[in-house]
Amino acid sequence: SGGVYFDGVDSAMYAPDSDELTLDGALTVEAWIQLESYPVQPKAYIAGRNDGMGGGRQWYLAVQPDGRLIAAKFADDCFSEQTIGGDSVIPLREWTHVRFTYNTTSNIMALYVNSVLDALRSPANMSLCADATSRLSVGRDGTGEQPLNGGMAMLRISGVDRGAPE
């Protein structure tokens, strides 16, 4: 049925830093995921440009131990993290569409679960880190920690705010 499976232990995918990964005006990260379990650590990464080392970070989308989404964007200093937490619990062993959007013009961060708005926030700083140098991490964070346990059938990252359901 396609997709990839992350074992929650040591599986992940990485793409090296490139100019194409640096988004500046808007951001959408979305994926179809099927969780096998919730994380025991602070969060399990779906995807992110966050090396965890304090430099060149731009964003992440993850699942918290209570099954709710959390996402962050990093301000223009590439260090200050501004988060948004979801209200809906992602069900185990069911395919679920998750989406994180941010638009610098409207200054709105949003989370969607199955195309339904789950959380909305207007953070203090309007810009995204433009000097991000982190690699793209899928299934765990950039340092190899916080692994995801489950499947992913699609991941789309774009410089367009795709906040409205398609």
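This is a predicted model, so every value here is computed, not measured.
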Discussion item. Quick one about Lys73 and Gln82 (side-chain donor to acceptor, distance below 3.5 Å, no hydrogens or angles considered), yes or no?
Written reply: yes
Fill in: Pairing residues for Pro91 by the side chain to side chain contact (heavy atoms under 4.5 Å, CB included) criterion, not counting sequence neighbours
Glu94, Thr96
Practice prompt. Return the set of residues passing side chain to side chain contact (heavy atoms under 4.5 Å, CB included) with Ala110 (not counting sequence neighbours), or none when no residue passes.
Written response: Thr101, Tyr112, Leu117, Leu120
Worksheet item: Looking at side-chain heavy atoms only, is the closest gap between Asp161 and Leu27 below 4.5 Å?
Response: no
Worksheet item: How many angstroms lie between CD1 in Ile33 and CG in Leu61, if you round to the nearest 0.5 Å?
Response: 7.5 Å
Worksheet item: Who are the ring-ring contact (aromatic ring centres under 6.0 Å, His included) partners of Phe6, not counting sequence neighbours?
Response: none
Item to complete: For Ser11, check side chain to side chain donor-acceptor pair (under 3.5 Å) against everything at least two apart and list the hits.
Response: Asp7
Worksheet item: Are Tyr14 and Ser137 close enough that some pair of their side-chain heavy atoms sits under 4.5 Å apart?
Response: yes
Item to complete: State the CD1-CD distance between Ile157 and Gln58, to the nearest 0.5 angstrom.
Response: 10.0 Å
Response to the item:
Ala119 meets the side chain to side chain contact (heavy atoms under 4.5 Å, CB included) criterion, sequence neighbours left out, with Ile84, Leu111
Worksheet item: Does Ser37 offer a backbone N or O that forms a donor-acceptor pair with the side chain of Arg93 under 3.5 Å?
Response: no
Worksheet item: Heavy atoms, side chains only, cut-off 4.5 Å: are Val138 and Tyr45 in contact?
Response: no
Fill in: Side-chain touch Gln146/Pro42, heavy atoms, less than 4.5 angstrom
yes
Worksheet item: Which atom names give the shortest non-hydrogen contact between Pro147 and Ala44, and what distance separates them?
Response: O-CB, 3.1 Å
Discussion item. So Arg156 and Arg162, do their side chains get closer than 4.5 Å, heavy atoms only?
Written reply: yes
Practice prompt. Report yes if some heavy atom in the side chain of Glu36 is under 4.5 Å from a heavy atom in the side chain of Tyr5; otherwise report no.
Written response: yes
Discussion item. Has Asn103 got a side-chain atom pairing as donor or acceptor with Thr105's backbone, closer than 3.5 angstrom?
Written reply: yes
Worksheet, complete the sentence: Note: Trp32 and Trp95 closest approach over all heavy atoms is O-CZ3, 3.6 Å
Discussion item. The test is side chain to side chain contact (heavy atoms under 4.5 Å, CB included); show your working for Leu148 and Arg140 and say whether it passes.
Written reply: CA-CA 6 Å; Leu148 183 71; Arg140 62 193 313 138; over 6 Å; no
Worksheet entry | Sequence-distant partners of Glu81, side chain to side chain donor-acceptor pair (under 3.5 Å), two or more places apart | Tyr60
Worksheet item: Can you name the closest pair of heavy atoms from Lys43 and Ile70 and give their distance?
Response: CD-CG2, 4.0 Å
Worksheet item: Are any non-hydrogen side-chain atoms of Val113 and Ile90 less than 4.5 angstrom apart?
Response: yes
Item to complete: For Asp118, enumerate each residue passing the side chain to side chain donor-acceptor pair (under 3.5 Å) test, keeping only those at least two apart in sequence or located in another chain.
Response: Ser88
Discussion item. Looking at Val160, is its backbone amide N or carbonyl O close enough to the side chain of Thr28 to form a donor-acceptor pair, meaning the two atoms are under 3.5 Å apart?
Written reply: yes
Practice prompt. With the side chain counted from C-beta on, respond yes when Tyr102 and Ile108 share a heavy-atom pair under 4.5 Å apart, and no when they do not.
Written response: no
Practice prompt. Look at the side chain of Arg121 and the backbone N and O of Thr83, then say whether any donor-acceptor pair between them is shorter than 3.5 Å.
Written response: yes
Item to complete: Please determine which of Leu69, Val89, Asn149 meets the side chain to side chain contact (heavy atoms under 4.5 Å, CB included) test together with Val63.
Response: Leu69
Worksheet item: Between Arg99 (side chain) and Glu30 (backbone), is there a donor-acceptor pair under 3.5 Å?
Response: no
Item to complete: Just do the side chain to side chain contact (heavy atoms under 4.5 Å, CB included) check on Tyr38 and Asp66 with the steps written out, would you?
Response: CA-CA 7 Å; Tyr38 300 122; Asp66 64 3; over 6 Å; no
